[in-house]
Amino acid sequence: MAIRISRVLQSSKQLLKSFSHSSNNADVPKGYLAVYVGERMQKKKFVVPVTYLSHPCFQKLLRKAEEEFGFDHPMGGLTIPCTEQIFIDLASRLRT
């Protein structure tokens, strides 16, 4: 159990480094999209592959975002209404 937790923490840290970028839209390469994740005004930008859009778990988050924000996202980009940890966990599962 301890080994699994340490691997999850290590994966989460790697994802955080690889997905987290500055707020400049020029940092988003072709085939990726920027999403803002977090609660209230403490949102962090993540850059994820567009292939995530077709995954059912990611689509569930997109529906939740649509319910909460409609098409008016306060950050100027796609805002996902969940905690950073939940998003990192999901992204690590989608990545493998």
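Nothing here was measured: the structure is a model prediction, and the numbers come from that model.
With hydrogens and angles disregarded, no donor-acceptor distance shorter than 3.5 Å links the side chain of Lys44 to the backbone of Val37. Not a single donor-acceptor pair under 3.5 Å links the side chain of Lys45 to the backbone N or O of Ala34.
In terms of hydrophobic clustering, with Ile, Leu, Val, Met, Phe, Trp and Tyr side chains grouped at heavy-atom distances under 4.5 Å, Val48 and Ile86 are assigned to different clusters.
The two residues Pro56 and Arg63 make their nearest non-hydrogen contact at O-NH2, 4.5 Å. Nearest approach of Val47 to Pro29, heavy atoms of both residues: CG1-CD, 4.0 Å.
Taking CG from Leu61 and OG1 from Thr79, the interatomic distance works out to 12.5 Å, rounded to the nearest 0.5 Å. Distance CG/Leu33 to OG1/Thr51: 9.5 Å, rounded to 0.5 Å. To the nearest 0.5 Å, atoms NZ (Lys60) and SG (Cys82) are separated by 11.5 Å. Going from atom CG of Leu78 over to atom OH of Tyr36 covers 10.0 Å, rounded to the nearest 0.5 Å.
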When you look at Tyr52 and Tyr32, which way does the side chain to side chain contact (heavy atoms under 4.5 Å, CB included) test go after all the steps?
CA-CA 9 Å; Tyr52 285 12; Tyr32 290 79; over 6 Å; no
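Listed by chain and residue number, His55, Leu90 satisfy the side chain to side chain contact (heavy atoms under 4.5 Å, CB included) test with Cys57 (two or more places apart in sequence, or in another chain).
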